[in-house]
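Step one of this worksheet: look at the structure below.
These values consider heavy atoms only, across backbone and side chains, with no hydrogens, waters or symmetry-generated copies. Everything numeric here is computed off the predicted structure, so don't read it as measured data. Residue numbering restarts at 1 for every chain, and letters A, B, ... go by the order of the sequence lines.
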2 protein chains.
Amino acid sequence: MTTAADLAGLAALLADETRAGICLALLDGRSWTAGELAAHTGVAPSTATAHLHRLVAGGLLVERRQGRHRYVQLADASVAQLLEDLATRTEPGPARTGSLRAVTASAALRRGRTCYDHLAGRLGVAVTDAMSGRGLLERGSGFALTPAGLAWLADLVGWDPAQPRPGRRPLARGCLDWTERREHLGGLAGAKLCETFLDNRWVVRIGSGRAVRLTTAGHAALRDHLGITVTCSPPR
Amino acid sequence: MTTAADLAGLAALLADETRAGICLALLDGRSWTAGELAAHTGVAPSTATAHLHRLVAGGLLVERRQGRHRYVQLADASVAQLLEDLATRTEPGPARTGSLRAVTASAALRRGRTCYDHLAGRLGVAVTDAMSGRGLLERGSGFALTPAGLAWLADLVGWDPAQPRPGRRPLARGCLDWTERREHLGGLAGAKLCETFLDNRWVVRIGSGRAVRLTTAGHAALRDHLGITVTCSPPR
DNA sequence: ACGACAGTTCGGTGCTCATCGAAGGGTTCC
DNA sequence: GGAACCCTTCGATGAGCACCGAACTGTCGT
């Protein structure tokens, strides 16, 4: 039996624009740091801290301390589902009732999508797996590239690894996928890889959303460069 | 594209205990009057008015003016779905991810359930339909009983129609079902009928919730008294 | 060891909003 | 027509809370 107070308490977590912005940002499945979320929502770090406390206490987010950073992400896939249901209601237009269209769109998202600026979904995980044998090391939490792996990647994406990198973005980082429940390659390497995939039209965006589709050229490229075959049609 | 402000605005509608209580009350599919909701949530009528304005403006509720009454109900089935999803999250325990259990429970609810104090779901609609040929008239919005229908009902539920009724509850009223999207019999007549069904064990409650199941005796009673057959196993 | 950095705690400020009572407008019943 | 009733509008009140800056703790790089 759910009381009105319980329901109101849950809704109150999302009833603030800043907290809503945090949750929408986390909807991409990545882990964000408290500072990134503060900057993204335009509030002071102290304010972001308070919001994250409430969201974690409310069970919507989980946190992972790492050194002086505090990473947060959505607690589980059901939270992401709930957020997307709510977000759907705020959009005008027809086809609001859990339509076939929404289901297939969701299935497309599961197959492959961009996650912030790198590849996610089954496609992202498959690419990450394939790279594991080519110089990508799973290092506790996150990833690292061997020199050979870096050279291989640099050759693929056409980019000089010796050249100094602006900013301090980590080269390779892990990103937990909320549909696959698996880590996949993010960071600068993941972004460059995704850029290359899009530039070469190995994947193309479906509509204006985050979902992507593997092209015929993409199939060939994956086979040639990584020796894998990713099914493009829904399994089962 | 959903903005954080949109999401927060939607969540804010449910972030108040009184408004949450209103929505949970409406989850039974009935239309409630503003006064009933004020009494149910324990606030002044003026306060309830303000809340209903916000909920209607936000698209969660629809209203229907009838004389000096203002009836409100959930805008559509997707709102009910959303509320139940949120309510599920507030309950602790496992099996939170849209499990088979939740789906079958939902299917049982669609087949038959009590709606406040009368029968709803396919069962409720079927009974209402069958009574249409036996003295139940659809009167614009709502229902009315002919003298013959009243006598027939009084005989079935063992109740003297001549005896003065306490309170002012309408004898027969319509109640829109959010799974069937059809009107069914509510009001005092619907309550008495439901009481008789439960007392005679024509229907029994499934677990502790609102879902009910038609018994073998119930099948026979429906055939004898109303000449209808309601399937108890899931169709299709 | 030192500075730079990420995050936290704390006190103060201001705004939003839920609430009520009183007064007013419609509707129904007698 | 008048009384009872349902609902609404309008101020006033008070509590909750989102926000910031400043001071503080802990971590990383040099």
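- For C:dA6, neither phosphate oxygen OP1 nor OP2 lies less than 4.0 angstrom from any side-chain nitrogen or oxygen of A:R70.
- In this structure, B:R65 atom CZ and D:dC7 atom P are separated by 9 Å, rounded to whole Å.
- Remark: P of D:dC6 and CG of B:L52 are 15 Å apart, rounded to the nearest angstrom.
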- [ ] Going 5' to 3' through nucleotides 14-23 of chain C, assign each nucleotide B (protein heavy atom under 4.0 Å from a base atom), S (under 4.0 Å only from sugar-phosphate atoms) or - (no protein heavy atom that close).
- [x] ----SSBB--
N/O to N/O distances under 3.5 Å, protein versus nucleotides 11-14 of chain D:
none

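- Taking the side chain to side chain contact (heavy atoms under 4.5 Å, CB included) definition, one finds that B:D155 meets it with nothing, sequence neighbours left out.
- The base of C:dC5 sits within donor-acceptor range of the side chain of A:R68, with an N or O pair under 3.5 Å.
- Shown here are the side chain to side chain contact (heavy atoms under 4.5 Å, CB included) partners of A:A25, two or more places apart in sequence or in another chain: A:W32, A:L37, A:H40.
- In this structure, B:H40 atom NE2 and D:dC6 atom P are separated by 18 Å, rounded to whole Å.
- With a 4.5 Å cut-off on side-chain heavy atoms, A:T196 and A:D199 do not count as touching.
- Applying the side chain to side chain contact (heavy atoms under 4.5 Å, CB included) rule to A:S46 yields the partners A:A44; only residues at least two apart in sequence or on another chain are considered.
- Fit an axis to the five pairs at each end of the helix from C:dA1-D:dT30 to C:dC30-D:dG1 and the two axes sit 40° apart, to the nearest 10 degrees.
- Residues A:L86 and B:L10 share a closest heavy-atom pair of O-CD2, 3.4 Å.
- Put simply, CG on A:L37 is 14 Å from P on C:dA6, counting in whole angstrom units.
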Could you tabulate the donor-acceptor pairs under 3.5 Å formed by side-chain atoms of residues 11-21 of chain A, not counting sequence neighbours?
from: A:D16; atom 1: OD2; to: A:T18; atom 2: N; distance (Å): 3.0
from: A:D16; atom 1: OD2; to: A:R19; atom 2: N; distance (Å): 3.1
from: A:R19; atom 1: NE; to: A:L13; atom 2: O; distance (Å): 2.7
from: A:R19; atom 1: NH1; to: A:H51; atom 2: ND1; distance (Å): 3.1
from: A:R19; atom 1: NH2; to: A:A12; atom 2: O; distance (Å): 2.9

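- Distance check, rounded to the nearest 0.5 Å: SG of A:C23 to CG of B:L7 gives 7.5 Å.
- In terms of heavy-atom proximity, A:W152 sits nearest to A:M131 at CZ3-CE, 3.9 Å.
- Between the CD atom of B:Q66 and the P atom of C:dT27 there is a distance of 13 Å, given to the nearest Å.
- For C:dT28, the OP1/OP2 oxygens have no side-chain nitrogen or oxygen of B:H69 closer than 4.0 Å.
- Residues passing the ring pair (Phe, Tyr, Trp, His ring centres under 6.0 Å) test with B:H53, sequence neighbours excluded: none.
- B:A87 is linked by a side chain to side chain contact (heavy atoms under 4.5 Å, CB included) to A:T2, counting only residues two or more places apart in sequence or in another chain.
- The interatomic distance linking B:Y71 (OH) with D:dC6 (P) rounds to 11 Å, in whole Å.
- Considering OH of A:Y71 and CD of A:E63, their distance stands at 13.5 Å, rounded to 0.5 Å.
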